[in-house]
Amino acid sequence: MPEFEPARAFELMMRHRVYQFGGTPVVWEQIAHLLPEYASHDFSHLKLAATGGARLSADVIATFAERGIYIRQAYGITEAGGAISFPSAQEVIDHPGSCGTGGILAEFKTARADGSACPPGETGEILIRGPFTMREYWRNPAKTAEAFTEDGWLISGDLGYVDDEGRLYFVDRLSNLIRSGDCDISPNAIEMVLDRMPGVTEVAAIAVPDAELGHRVAVIVYSETGEIGQAEVLVAARRELEPSHVPSFVVLTDELLPRLASGKLDRSGLRKAYSDLGSNQDASFQDA
């Protein structure tokens, strides 16, 4: 396909009884909306379903699992040669959202800002070690030095946690965190809650500058049907999110959210487009 179109891709998968399919979370989210139309289809031909690049919500994972499709959340980075951890289908059933326990040559751990190891369940930066990691950035020794710890672990720039049995869970990109006052807020955590709302097609949480707190949270919401309001978004956010994660600004847009070639949200573009949101006193309820 020249470009991804959910209905066409889904029809091809079923017609040709595709054996394996991988896509970013937004691809699976778009296909999930089509599942009710094909309730009678036997998906037993889809033996390997995978995602990566961002965290897929537990609700979407469960929606596909009900139909026998177990989406495996891979974790990896380019500097580590691609995926370093990939769960089994059984792990998807027993531990949805887990990225598995690593490959036979892959080591990972999570660390605090001071370099000390995180105990099970505590979120920290993911560090990777193995024979497959890059040696250096081409002709950039300064950047190379920043990419490794003194004892040779590759610094991923990603946040995650490891459970008691060594399973890795991806949380968010460190660079995506919204720093508001003393809080570090994960956009992923906000988006996965609001994405469950009826009428929400796409949602992005971004940081907007604020003189008092440094940044505040804004959410940009696209609804294909247009049947959603800012007040509904705020009610859902206040009901299900921690107080620090509740957005200060809700913007409704009539366009799909911008994405990079990889399918990931263009967060940088969104931050630039809405950089003056905090200076608008009436911006907490706004239509784009």
Side-chain angles (χ1 to χ4, degrees), residues 1-15 21 23-41 43 49 51 53-67 69 71 186-206 208 217-241 245-267 269-274 277 280 282-288:
M1 300 174 67
E3 61 183 38
F4 181 75
E5 198 284 309
R8 173 67 173 155
F10 200 40
E11 188 274 330
L12 288 171
M13 288 168 61
M14 292 184 293
R15 187 205 310 172
F21 180 79
T24 58
V26 67
V27 167
W28 289 109
E29 289 162 4
Q30 291 172 342
I31 291 177
H33 294 303
L34 303 171
L35 284 173
E37 301 176 32
Y38 301 94
S40 62
H41 182 76
F43 286 102
T51 192
R55 185 167 58 165
L56 186 61
S57 75
D59 285 349
V60 173
I61 292 173
T63 295
F64 282 94
E66 290 170 2
R67 292 162 174 82
I69 303 170
I71 304 173
S186 166
N188 239 328
I190 299 171
E191 292 160 2
M192 286 199 297
V193 166
L194 298 184
D195 188 62
R196 298 199 298 261
M197 291 184 62
V200 171
T201 306
E202 292 187 319
V203 59
I206 60 171
V208 295
V217 177
V219 291
I220 317 302
V221 180
Y222 167 67
S223 171
E224 193 172 37
T225 63
E227 298 175 356
I228 197 166
Q230 295 100 330
E232 296 171 76
V233 174
L234 281 173
V235 167
R238 288 170 178 154
R239 182 177 62 244
E240 299 191 49
L241 292 169
H245 285 54
V246 174
S248 299
F249 309 98
V250 176
V251 178
L252 303 182
T253 178
D254 57 5
E255 298 179 347
L256 287 166
L257 301 183
R259 294 189 177 273
L260 304 173
S262 63
K264 297 178 184 179
L265 283 168
D266 182 4
R267 296 185 186 276
L270 284 169
R271 287 193 292 263
K272 183 176 180 180
Y274 294 99
L277 199 59
N280 185 342
D282 300 318
S284 57
F285 294 96
Q286 213 183 71
D287 289 307

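For the numbers below, each heavy atom of this structure counts, side chains included, while hydrogens, waters and symmetry mates do not.
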Heavy-atom check, side chain of Phe249 versus side chain of Val217, under 4.5 Å:
no
If I compare all heavy atoms of Ile190 with all of His245, which pair ends up nearest, and what's the gap?
CD1-O, 3.4 Å
Spatial distance of atom CD (Glu29) from atom CD (Glu191) [nearest 0.5 Å]
9.0 Å
Atom CD of Glu202 and atom CD1 of Ile220: how far apart are they, to the nearest 0.5 Å?
12.0 Å
Less than 4.5 Å apart, side chain to side chain, heavy atoms only: is that true for Glu37 and Leu34?
yes
Please evaluate residues Leu194 and Met197 with respect to the criterion side-chain contact (heavy atoms from CB on, under 4.5 Å), reporting the C-alpha separation (whole Å), side-chain torsions for both, the decisive distance (0.1 Å), and the verdict.
CA-CA 5 Å; Leu194 298 184; Met197 291 184 62; 4.0 Å; yes
Val221 side chain reached by Val200 side chain, heavy atoms, under 4.5 Å
yes
State the CG-CD1 distance between Leu270 and Ile206, to the nearest 0.5 angstrom.
5.5 Å
Return the CD1 to CG distance between Ile61 and Leu56, rounded to the nearest 0.5 Å.
4.5 Å
Any salt bridge (Lys or Arg N to Asp or Glu O under 4.0 Å) involving residues 1-11? Give me the pairs, sequence neighbours left out, ordered by first then second residue.
Arg8-Glu11, Glu11-Arg15
First locate atom CG of Leu35, then atom NE2 of His41, and finally report the distance between them rounded to the nearest 0.5 Å.
10.5 Å
What closest approach, in Å, do Tyr222 and Thr253 show between heavy atoms, and which atom pair accounts for it?
CD1-O, 3.4 Å
Can you say whether the rings of Phe10 and Phe43 are parallel (under 30°), tilted (30 to 60°) or perpendicular (over 60°)?
parallel
Residues which pass side chain to side chain contact (heavy atoms under 4.5 Å, CB included) with Ala9, listed by chain and number, not counting sequence neighbours
Met1, Phe4
Least distance between heavy atoms, Gln30 atom then Pro6 atom:
OE1-CG, 3.4 Å
Between the main-chain N or O of Ala205 and the side-chain N or O of Arg267, is there a donor-acceptor pair closer than 3.5 Å?
yes
Pair Asp266-Arg259, side-chain contact (heavy atoms from CB on, under 4.5 Å): steps then yes or no
CA-CA 5 Å; Asp266 182 4; Arg259 294 189 177 273; 5.7 Å; no
Minimum heavy-atom separation for Ser223 to Ile228, with atom names?
CB-CG2, 3.6 Å
Could you state the interatomic distance from CD (Glu224) to CG (Leu256), rounded to the nearest 0.5 Å?
7.5 Å
Taking every non-hydrogen atom, the tightest pair across Val203 and Leu265:
O-CD1, 4.1 Å
Heavy-atom closest pair, residues Leu241 and Ala189:
CD2-O, 3.8 Å
Are Pro25 and Arg55 side-chain neighbours, meaning at least one heavy-atom pair lies under 4.5 Å?
no
